[in-house]
Number of protein chains: 2
Amino acid sequence: MARPAASAALPSGTSQPSPAAPGGQVATEPGRRAAGGRVPGLPGSPAPLTAGPLAVTVSPVGRQVRVPKTAELVASQLRRRIIRGELSEGDALPPEPTLMTQFGVSRPTLREAFRVLEAEALISVRRGAHGGARVHAPSPNVAARYAGLVLEHRGATLGDVHQASSVIEPPCAVLLAERGSPDDVAALRAVLAEGDSVGEEPAALAAAQAAFHRAVVELTGNKSLSVLTGMLQHLVELTSAPQGHASIAANIREAPARSSAGDEPQRRPLGRTTRLAHATLIDLIERGDAAGAGEHWGRHLAAPGHAVPGGPADGCVLDLLG
Amino acid sequence: MARPAASAALPSGTSQPSPAAPGGQVATEPGRRAAGGRVPGLPGSPAPLTAGPLAVTVSPVGRQVRVPKTAELVASQLRRRIIRGELSEGDALPPEPTLMTQFGVSRPTLREAFRVLEAEALISVRRGAHGGARVHAPSPNVAARYAGLVLEHRGATLGDVHQASSVIEPPCAVLLAERGSPDDVAALRAVLAEGDSVGEEPAALAAAQAAFHRAVVELTGNKSLSVLTGMLQHLVELTSAPQGHASIAANIREAPARSSAGDEPQRRPLGRTTRLAHATLIDLIERGDAAGAGEHWGRHLAAPGHAVPGGPADGCVLDLLG
DNA sequence: GCATATTTGTGCGTATGTATT
DNA sequence: TAATACATACGCACAAATATG
């Protein structure tokens, strides 16, 4: 919508016909392994977690080869262009006939590639006039969805996911306090204020609270931790969205409207103790109290009111499949 | 191969023809959102990481609806059966004509679903006699591959991934030390001994070292952290496999054969200081020295020799696409 | 409301690869 | 070793649904 959609000349430099391709002019490159990484190990045991031999993957010299299907080759080429930024968010792909001739494949093959990329949320294809495939930036949510599948298959609980966050975030708070950057403090204050400005609807409150936790990790500057934390948060909001949404929100604002308590009567729709804990963390970081920040944030995350309500939050992360 | 492959009656309880399906008897369920989660936010900015507004996703009341394609519905049904364990590792799916009649879809549609599941490494399709689709358990490697795509798109470096591990693992060591379980200590000793028994080939050494780090996290019992750590490890071994493999291994065994130094001359092919650091961690955990274990493990992970060699390990995680 | 462009789903045919005989 | 049967891979062409203008 925003951009005029550079839909022309997709595989621009590589469209020379490369004569002896299997079904067309898809650059075959027989030594590459394309997209879907096969899993050599994991014969069936559900990951020994207590004391077993822990499955030391001995990584043999040559892995299992799998013939790359043509559709996967097409999907890989498009995926690469998206990941490398040659195709950016909102760009429109050429219509199917154009792509068919450019890749030298038939319609079913191209459609298979489309389904793969659509399942990865890298494109979304709508039909009708001015429809077609539009590009989307890769998001941690898809990685989170698949990680959630793995966790669901292993029988992990929602409390398990939450505990992982409580392990990751405190060291980030320590890092921020050690650095002591005024910019970090200002950014955290801004996020906290933004949480005050949202209304009283439960979803917005939960989102604001999550945003603060995310900010603690993202301000660290470590992109991997940011992505991982985003995945964990997405898992929580994904499993708790269908049913437990209202209960979580009810837990967030413990004392619903304590406006007569004295200080700042109106502008704190966020949970009382929650907002206080967030503000305290900012103070500790500003003060440079690394140990205190880490310990405080760890306690805040381990607090019983912070986790999902209704028992010790042991609902299996099974909601991802309905 | 190992199992007789229960290939009959795949969608057993749900094969009643459900009259008014769009193209067949796929259970439509119009309210469900199937597989590919669209991303509402992220208009194009590469994740403000320093001080920006940090994009507080305000989660509106109704998300964007997307018509579920028939192939995605088929893929979702098969995926659900795999994740829930009704189809387990190595099981064979019925041949295409059977699935076509059971799902009431045509072959291209079924093949699109196959490509999606194959890209997710949940099945692997081989052709030829006794070929067909075989089921695989979901592995963190696929989640790692997609998370790697996200990180590569954001320009994350390999050092960034390593730093994430150095944030996650020390708290796990602390947890193990606080718990002080003899089983944990025994398991860690077993993994360490297994690392001694592998040969001298660089790949095996790197795998053994990675296995110890994984054990530290997995013994915690937290499945989310285990999956996340497995993803990070898979990312490093994925990016460093093509070129930097030998250099990493060369870094692992600093003093190649110091067998004349006195203690245990023969059975420590693992790097000298590396093995010592691992053994020291076990001792600290056995002693119950939580603070010491955390600090030691953090130092070990931050050691310059532990990261990838050749500068401060800032190679972009770009190798995932060739 | 109608025309148009676009994807969607389907059927059938041929080619290719794999395991069995 | 060679022939054969089986199962998927890929292609072409047609009908239907859908969103835009």
Side-chain angles (χ1 to χ4, degrees), chain A residues 1 5 7 10 20-26 28 30 34 36 64-75 78 92-119 123-135, chain B residues 1 5 7-8 10 18 20-26 28 30 34 36 64-75 78 92-119 123-135:
Chain A
M1 283 289 182
S7 59
L10 220 242
Q25 55 208 44
V26 173
T28 331
Q64 190 78 15
V65 288
R66 196 178 57 78
V67 231
K69 315 272 192 293
T70 310
E72 289 198 39
L73 294 175
V74 175
L78 287 173
L93 261 56
E96 278 186 348
T98 309
L99 288 174
M100 286 167 55
T101 56
Q102 284 186 349
F103 282 109
V105 297
S106 71
R107 207 176 268 116
T109 302
L110 182 67
R111 285 169 53 74
E112 290 174 13
F114 271 16
R115 290 293 89 76
V116 169
L117 294 176
E118 204 174 21
I123 66 171
S124 70
V125 41
R126 298 187 323 180
R127 58 180 171 179
H130 292 75
R134 253 180 290 279
V135 175
Chain B
M1 283 287 183
S7 60
L10 220 243
S18 82
Q25 55 207 45
V26 173
T28 332
Q64 189 78 15
V65 288
R66 199 178 55 79
V67 257
K69 316 269 191 294
T70 309
E72 289 197 40
L73 293 175
V74 174
L78 288 172
L93 261 53
E96 279 186 349
T98 308
L99 288 175
M100 285 166 56
T101 58
Q102 284 187 347
F103 282 107
V105 298
S106 69
R107 180 143 49 200
T109 301
L110 182 67
R111 287 172 53 75
E112 289 175 13
F114 273 15
R115 289 295 88 77
V116 170
L117 295 175
E118 205 174 21
I123 66 172
S124 68
V125 180
R126 296 191 324 180
R127 58 179 171 183
H130 292 74
R134 253 180 289 279
V135 175

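A, B, ... follow the sequence lines: proteins, then strands. Residue 1 opens every chain.
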Respond yes when some side-chain nitrogen or oxygen of [X] is under 4.0 Å from OP1 or OP2 of [N], and no when none is.
X	N	value
B:Arg126	C:dT18	no
B:Lys69	C:dT8	yes
B:Ser106	C:dG9	no
A:Thr109	D:dG11	yes
A:Arg111	C:dT7	no
A:Arg107	C:dT8	no

(message) Run the side-chain contact (heavy atoms from CB on, under 4.5 Å) test against A:Arg127 and tell me which residues pass, sequence neighbours left out.
(response) none
Looking only at heavy atoms, what is the nearest atom pair of [X] and [Y], with distance?
X	Y	value
A:Leu93	A:Phe114	CD2-CE1, 4.3 Å
B:Ala133	B:Ile123	CB-CD1, 4.1 Å
B:Ala113	B:Val74	CB-CG1, 3.7 Å

Between atom [atom1] in [X] and atom [atom2] in [N], what is the gap in whole Å?
X	N	atom1	atom2	result
B:Phe114	D:dC10	CZ	C1'	16 Å
B:Phe103	C:dT10	CZ	P	13 Å
B:Leu110	D:dA7	CG	P	14 Å
B:Glu72	C:dT8	CD	P	10 Å
B:Leu73	C:dT8	CG	P	13 Å
A:Glu112	C:dT7	CD	C1'	16 Å

(request) Could you walk me through whether A:Lys69 and A:Glu112 pass salt bridge (charged side-chain N to carboxylate O under 4.0 Å, His left out), step by step? (result) CA-CA 10 Å; A:Lys69 315 272 192 293; A:Glu112 290 174 13; over 6 Å; no
(request) Tell me which of A:Gly131 and B:Arg127 sits closer to the 5' end of DNA chain D, going by the nucleotide each one is nearest to. (result) B:Arg127
(message) Here's a test of your reading of the structure: between A:His130 and A:Ala71, which maps to the more 5' nucleotide of DNA chain D?
(response) A:Ala71
(request) For B:Pro108, report the nucleic acid contact type (base, sugar-phosphate, nothing); a contact means any heavy atom under 4.0 Å. (result) base
(request) Would you indicate what B:Glu96 reaches in the nucleic acid, counting non-hydrogen atoms under 4.0 angstrom: base, sugar-phosphate, or nothing? (result) sugar-phosphate
